[in-house]
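Shown next, in structure tokens, is the structure this report addresses.
The chains referred to below are lettered A, B, ... by the order of the sequence lines, with proteins before strands, and numbering in each begins at 1.
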Number of protein chains: 2
Amino acid sequence: MRHTKTSKTKVVRGPYKNGIRRRREIIESASRIFASHGYNSGTLRQIAKEVGVTPAALARHFDDKEGLLSAVLANWDSQARARNPGDVRGLAHFVRLRDAVIYNQANRGLIELFLTLSGESTNPKHPAREFIQQRYRDVVEKGAQLLREARDAGEILWMDDETIVAEIRTLYAMMDGIQLQWLVDPEVDLVGVFSHALSIILERWTGRKDVLPPLVTRT
Amino acid sequence: MRHTKTSKTKVVRGPYKNGIRRRREIIESASRIFASHGYNSGTLRQIAKEVGVTPAALARHFDDKEGLLSAVLANWDSQARARNPGDVRGLAHFVRLRDAVIYNQANRGLIELFLTLSGESTNPKHPAREFIQQRYRDVVEKGAQLLREARDAGEILWMDDETIVAEIRTLYAMMDGIQLQWLVDPEVDLVGVFSHALSIILERWTGRKDVLPPLVTRT
DNA sequence: GTCTATAAGAAGATAGAC
DNA sequence: GTCTATCTTCTTATAGAC
């Protein structure tokens, strides 16, 4: 043992090392539980049991259930942003959406959490509603910005700003919808259908047929 | 009063008239509650309170909560089918989807119920999962059938059967996704975005630009 | 057919020992 | 920082009066 129990001497410990790890474990477990059961039906007891602590311990890290939800959403957000580097500008950003879907197929948790909470957030009083609303606004705003850049750089055929917003909303609606179909029924060929739809959109935007490179599978 | 209270004579009454009305009221209320709170979070107490009866009365009409859900889903299904007459064949069926979305905008309940339960049915153990899966399969199957008919009748440009299924899945994914965006944030221009997307799909299928008639608003 | 009353259990939250 | 134990509240479901 590195630190024997000393009753009076002041020992400077590694600051909250276990606490931080525990906190991360709780957030990861809560993300899984909220993803599969939703926020309302996912219980603190389930989460505590999965982590291997008692429900009371959760309250030491997060004030209450909503506090835990906030931490889960913040964590989800940072993970989503980390996988979506800001240096991919213009049309290339949309080509990359296929990789995002491939990632989601192998890592069901993140998209399941988002779509489960989106469905629940149909209810105006849901605690995640504002977050989900803002997330959609951000995604649409950023997508529209990138598509305008692509247009101004001559990467795509001309569209007016209003059309661009409708195109972006349609693209993400289609992406969410296919992923929802796949979550409800894993038999659905998620990547196949999405690749088909994405390539059609990119062809229409650019007027070219070779924008989406063929899928390469590891041998 | 038509039937005074007779203690011994056997009076054949109108069979369960109040019971049937009550049953319908319960189903309508349960549909609203399940739509806004989901199945797990929607409680029998809420439903009973809205109807104006006690929770125990619900058990007289439906064995348990899942029985009530089954009745709600059956009712939803029959309403959805009633608004979608089978005699509209070929391409006209898809042109009509805009009317379906306009209806959903004015009657939020039906689509909210479907998408809320779809989100919950991400969980393999959800009692509505099989229904939702089957519903998607039916919609895709019927849509593909109609599009094949349209192709064979020369209404659209040629596509192979596999492409048709992907096109249908994409169309309904887009439709669900836009409606989800609108449910979460009513500021979204549901009909505008959907009309934009639908007209593009129809133009691509047919090679013509006038397939979706312009929106006429009542004066 | 509908009610009151209540059983039996599970939820979120908290007090206090260690 | 984590635990046991407990509180209050809310759920589903049922028993029995009317």
Side-chain angles (χ1 to χ4, degrees), chain A residues 1-8 10-27 29-30 33-34 36-72 120 125-128, chain B residues 1 3 5-7 10-27 29-30 33-34 36-72 120 125-127:
Chain A
M1 293 189 199
R2 302 213 305 186
H3 296 294
T4 54
K5 209 164 191 174
T6 57
S7 55
K8 299 283 185 199
K10 203 172 171 185
V11 174
V12 178
R13 295 175 177 246
Y16 310 115
K17 203 168 77 177
N18 280 337
I20 288 174
R21 194 185 55 200
R22 182 65 89 192
R23 188 186 154 91
R24 202 188 58 233
E25 287 172 3
I26 294 172
I27 290 176
S29 172
I33 299 291
F34 288 162
S36 57
H37 298 271
Y39 170 72
N40 285 312
S41 301
T43 71
L44 296 180
R45 280 179 159 76
Q46 283 176 296
I47 296 162
K49 187 176 176 185
E50 210 183 70
V51 175
V53 299
T54 61
L58 299 185
R60 293 282 145 179
H61 292 275
F62 310 93
D63 287 354
D64 55 7
K65 203 185 179 190
E66 276 199 39
L68 178 54
L69 175 62
S70 295
V72 164
E120 268 186 313
K125 286 183 302 234
H126 193 282
Chain B
M1 294 188 198
H3 296 293
K5 208 167 193 174
T6 58
S7 56
K10 205 171 171 185
V11 174
V12 178
R13 297 177 175 245
Y16 308 112
K17 204 169 78 178
N18 279 337
I20 288 173
R21 193 187 56 202
R22 182 65 88 193
R23 188 187 154 90
R24 202 189 57 235
E25 288 172 2
I26 293 171
I27 289 175
S29 172
I33 299 292
F34 288 163
S36 59
H37 298 270
Y39 170 73
N40 285 313
S41 302
T43 72
L44 296 181
R45 276 188 204 288
Q46 284 177 295
I47 296 162
K49 187 177 177 184
E50 207 182 74
V51 175
V53 299
T54 61
L58 267 50
R60 293 282 146 181
H61 294 273
F62 310 94
D63 287 354
D64 56 7
K65 203 186 180 190
E66 275 200 40
L68 179 53
L69 175 64
S70 295
V72 164
E120 266 186 315
K125 286 182 303 229
H126 194 281

Rounding to an integer number of Å, can you tell me how far B/Leu44 CG sits from C/dC3 P? 15 Å
For atom CZ of A/Arg21 and atom P of D/dG1, their distance in whole Å: 13 Å
Return the residues of residues 60-70 of chain A meeting this criterion: a heavy atom under 4.0 Å from some atom of DNA chain C. Order them by number, or give none. A/Arg60, A/Asp64, A/Lys65
At a heavy-atom distance below 4.0 Å, what parts of residues 46-58 of chain B sit against DNA chain C? B/Gly52, B/Val53, B/Thr54, B/Ala56, B/Ala57
Shortest non-hydrogen contact from B/Ser29 toward B/Ile47: OG-O, 3.6 Å
Would you list the pairs meeting ring-ring contact (aromatic ring centres under 6.0 Å, His included) in which at least one residue belongs to residues 39-60 of chain A, sequence neighbours left out? A/Phe34-A/Tyr39, A/Tyr39-A/His126
Set of side chain to side chain contact (heavy atoms under 4.5 Å, CB included) partners for B/Ala71, sequence neighbours left out: B/Arg23, B/Ile27, B/Phe62
Can you list the residues that meet the side chain to side chain contact (heavy atoms under 4.5 Å, CB included) rule with B/Ala56, with sequence neighbours excluded? B/Thr54
Kindly point out which of C/dT2, C/dG12, D/dA13 is positioned nearest to the side chain of A/Arg45? C/dG12
Take the C1' atoms of the five end pairs on each side of the helix from C/dG1-D/dC18 to C/dC18-D/dG1, get both axes, and report the angle to 10 degrees. 0°
Is the backbone of B/Gly38 close enough, under 3.5 Å, to the side chain of B/Glu120 for a donor and an acceptor to pair up by distance? no
Here the salt bridge (Lys or Arg N to Asp or Glu O under 4.0 Å) pairs for residues 47-56 of chain B, sequence neighbours left out, are B/Arg32-B/Glu50
So salt bridge (Lys or Arg N to Asp or Glu O under 4.0 Å) across residues 55-68 of chain A, not counting sequence neighbours, yields none
For A/His61, side chain to side chain donor-acceptor pair (under 3.5 Å) partners two or more places apart: none
A/Arg24: salt bridge (charged side-chain N to carboxylate O under 4.0 Å, His left out) partners, not counting sequence neighbours: A/Glu28
Calculate, to the nearest 0.5 Å, the distance between atoms CZ and CG belonging to B/Arg22 and B/Leu58 respectively. 9.5 Å
